[in-house]
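As structure tokens, the structure follows; a few thoughts come after it.
By convention here, the first residue in the shown sequence is residue 1.
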Amino acid sequence: MDESRELTYQRLILVASQHFIRSMDTITDQKRFMAAMQCLHFVDYTLSIKAGVHFTLCAGTIAKLGTTKHHNALLPKLDSLELAGCFGMTELGHGSNVMGIETIAVYDKVNRVFDLHTPTNSASKFWIGGAAKHAKVCTVFAQLYTPEEGESEKLRWNGPHVFVVRLRNDDMSVVKGVRIADCGAKMGLQGVDNGQIWFDHCKLPHDALLNRFADVDVNTGRYSSPISNIHSRFGAMIGGLTTGRFLIAAAAVDACKIGLIVTSRYACSRNQFGSKNIIEYVTHQRRIVPAIASTYALEFGMQGLAQIMESKDKESAKLVHVLSCGLKAMATWHRAETLQKCRECCGGMGVLAVNQIGPLLNDMNVDTTFEGDNSVILQQVARAVLTEKGMKKNEMEETGCFTIDDVMKNSLRLLKWREDRLATELLQGGEKMLDANLDHVVALGIAHTERRVLELFDAKVSQCLDPIARNALQQLVWLYGLCCVENHLEFYLARDAIVPAKDSLQIHSQINAICAQISANNGQILLELCNGFGIPEQFITAPIAHDWTLIESKL
């Protein structure tokens, strides 16, 4: 574990020395920043997480929530890694409920400092990547209290705010008032040093507060903010987490590309039971080809999100939040399922670390719950949908009687109907019934995201100028839509949406037919689609992706 951590840190130092990633790009050139970070996904996922915590979460938070004084004093040192950073949001007792964090920061106007304190053990910052060994600074979320105007003793609660806190001195000794413990070994990501942090009345200078959205008068302690509502202000502050969610989703999609390339190449060259290559078996095709369709769909969904993120208007910001939450959840769940299928399709070869799939499975398992537990952030998606649908009830899809021809020709219409039907059922129950039907709320978040992804996928493919490529990609669009319907077939049949019901069996047959067509001629189209992922060949290091017969046992 220590060796993995040191190797990852040395690699991060090398990346920083190349000036390849600049923290100010998170606000001045977001597309460049995200592209630079994505490059690390292909090389070393552990490194990409270590870099993501440092550049995206720590430095990016300072860039987005700080002002010029913070940018000038801190960002050059963070970019060069003179200051290694971490991100202190999660607490032992508070993961998804960030508004409920217990760490407190009280402004002392007499001494002109913030008193940062961990009042209970459940308030300790937990799972903080980089904290155990390397971080010198941390962007810490804490409940801010300031003196009430006209009251000598009374304090005003202002909600969570972010402070830049020094954890270690230049000689790496821990700062007075800070205690740090190592979280220890994990099932993966051994190169990331996760730690637990407690603060014992740490005295922070006035400038420690990141004050883009709120400030405290240095002399009077008077609190001011252009956003008066605490929840709205907090929403604006954590809006910057969109970049992190985007990169996690992108990493999940990139891992699927690598896993599917390795698996497809092996399946098209490995024979079993005579001369028949394993790609010729429908059980193999069914696991690989739909996963390729979903990976392409999510990739084009991510590209669509990246374009929307370039817009700065208020409506785009809402859409970015909803779509980034949905894509993060769907991409990471897809990654978990796809890599497991890849592992199984490769048999024992999938277990060998050298064949790439196993390490990705272990290291990336955490992505379904960090930067937002998937089931929780999908509830955010659903609530946004319910708000919108509640105002546009007359525009919702009412017809719920589809023939099998409707399914085959326009699966998007069925996805829209499912989303609208789920929203209608939840709206009829009212706000009080949402907690009792959270499974349906999450289902709505999934339905909305699947519909959005299919729309973006279809739109992108229609722009393809190469007729051969467009035809192959159109098959994937069709396949993705049909798989979405088949995965939720119970929903449609329970509501008599497909008539006659027995015709729904044709969906399964049609999916098999598309899988067979793409896998034909020893996977000719399949392999071309894998090449279309655009992963540079030097990053496909698995021996079974090249010539599995050359693998030798190592003693």
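In this structure the side chain of V485 never reaches within 4.5 angstrom of the side chain of L482, judged on heavy atoms. Taking the side chain as every heavy atom from C-beta outward, T56 and F33 approach each other to under 4.5 Å. At a threshold of 4.5 Å between non-hydrogen side-chain atoms, the residues S4 and T46 do not count as touching. Looking only at side-chain heavy atoms (C-beta outward), H448 and V322 come within less than 4.5 Å of each other. With contacts defined as side-chain heavy-atom distances shorter than 4.5 Å, the pair L456/L323 qualifies. Looking at T26 and F55, their side chains never come closer than 4.5 Å, going by heavy atoms from C-beta outward. Counting heavy atoms from C-beta on, the side chains of Q38 and F246 come closer than 4.5 Å. Looking at heavy atoms from C-beta onward, V381 lies in side-chain contact with T449 at the 4.5 angstrom threshold.
Of the possible donor and acceptor atoms, one in the side chain of D44 sits under 3.5 Å from a partner among the backbone N and O of L47. Of the possible polar contacts, one joining the N229 side chain to the H231 backbone as a donor-acceptor pair under 3.5 Å is found. When atom types are taken as modelled, the side chain of T263 and the backbone of L260 share no donor-acceptor pair closer than 3.5 angstrom. Listed for the N487 side chain is a donor-acceptor partner under 3.5 Å among the backbone atoms of C483. For T332 (side chain) and A329 (main-chain N/O), a donor-acceptor pair under 3.5 Å exists by modelled atom type. Formation of a donor-acceptor pair under 3.5 Å by the T369 side chain with backbone atoms of V366 is found in this model. Using a distance-only test at 3.5 Å, with no hydrogens or angles considered, no donor-acceptor pair links the side chain of Y492 to the main chain of S504. At distances below 3.5 Å, not a single donor-acceptor pair connects side-chain atoms of W548 with backbone N or O atoms of Y266. In this structure, H546 contributes its side chain and I540 its backbone to a donor-acceptor pair below 3.5 Å. Of the possible polar contacts, none joining the E528 side chain to the Q524 backbone as a donor-acceptor pair under 3.5 Å is found.
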Contacts under 3.5 angstrom, residues 342-360 side chains, donor-acceptor by atom type, not counting sequence neighbours:
residue: R343; atom: NH1; partner: G347; partner atom: O; Å: 2.8
residue: E344; atom: OE2; partner: Q340; partner atom: NE2; Å: 3.0
residue: N355; atom: OD1; partner: I544; partner atom: N; Å: 3.3
residue: N355; atom: ND2; partner: M349; partner atom: O; Å: 2.9
residue: Q356; atom: OE1; partner: T541; partner atom: N; Å: 3.0
residue: Q356; atom: OE1; partner: A542; partner atom: N; Å: 3.0
residue: Q356; atom: NE2; partner: F539; partner atom: O; Å: 3.0

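One distance of note links OG1 of T424 with CG of L386; it measures 9.5 Å at 0.5 Å rounding. Here the SG atom belonging to C256 is positioned 10.5 Å from the CD1 atom belonging to I292, to the nearest 0.5 angstrom. Rounded to the nearest 0.5 angstrom, R452 CZ and E419 CD are separated by 8.0 Å. To the nearest 0.5 Å, atom SG of residue C183 and atom CH2 of residue W127 are 5.0 Å apart. The CG atom of N410 sits 8.0 Å away from atom CG of L414, with the distance rounded to the nearest 0.5 Å. To the nearest 0.5 Å, the span separating CG on L415 from CD on E450 amounts to 6.0 Å.
Here the closest heavy-atom approach between residue R286 and residue C515 is recorded as CA-SG, 4.5 Å. Scanning both residues, S375 and V442, for their nearest heavy atoms gives O-CG2, 3.5 Å. Here the closest non-hydrogen pair linking I21 and A36 is CG1-CB, 4.0 Å. The minimum heavy-atom distance between I446 and L378, with the atom names listed, is CG1-CD1, 3.7 Å. Closest of all the heavy-atom pairs between I227 and R233 is O-NH1, 2.6 Å. The minimum heavy-atom distance linking A267 with I288 is given by the pair CB-CD1, 4.1 Å.
Residue pairs satisfying the salt bridge (Lys or Arg N to Asp or Glu O under 4.0 Å) criterion with at least one member in residues 240-260, sequence neighbours excluded, are listed as follows: D254-K257, K257-E299. Sorted by first then second residue, the salt bridge (Lys or Arg N to Asp or Glu O under 4.0 Å) pairs that include residues 357-384, not counting sequence neighbours, are R335-D367, R383-E431.
Under the ring pair (Phe, Tyr, Trp, His ring centres under 6.0 Å) criterion, F457 pairs with F300, sequence neighbours left out. When the salt bridge (charged side-chain N to carboxylate O under 4.0 Å, His left out) test is applied to K341, the partners found at least two apart in sequence or on another chain are E337. Taking the salt bridge (charged side-chain N to carboxylate O under 4.0 Å, His left out) definition, one finds that R495 meets it with E425, sequence neighbours left out.
A donor-acceptor pair shorter than 3.5 Å cannot be found between the side chains of S122 and H94. Side chains of D406 and T403: a donor-acceptor N/O pair is present below 3.5 angstrom, by distance only.
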Step by step, would you call R418 with R451 a side-chain contact (heavy atoms from CB on, under 4.5 Å)? CA-CA 9 Å; R418 179 169 176 263; R451 190 262 299 173; over 6 Å; no
What do the steps show when you test E91 against F141 for side-chain contact (heavy atoms from CB on, under 4.5 Å), and what is the final call? CA-CA 10 Å; E91 295 181 354; F141 281 72; over 6 Å; no
Evaluate the criterion side-chain contact (heavy atoms from CB on, under 4.5 Å) for residue pair Y296 and V477; output intermediate values, then yes/no. CA-CA 9 Å; Y296 263 99; V477 173; over 6 Å; no
Is there a side-chain contact (heavy atoms from CB on, under 4.5 Å) between M237 and T61 once you walk through the steps? CA-CA 9 Å; M237 289 181 183; T61 296; over 6 Å; no
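With a 6.0 Å radius and a threshold of 12 heavy atoms from other residues, nucleotides or ligands, E537 has its CD atom above the threshold. Counting non-hydrogen atoms of other residues, nucleotides and ligands closer than 6.0 Å to CG of L550 gives a total above 12.
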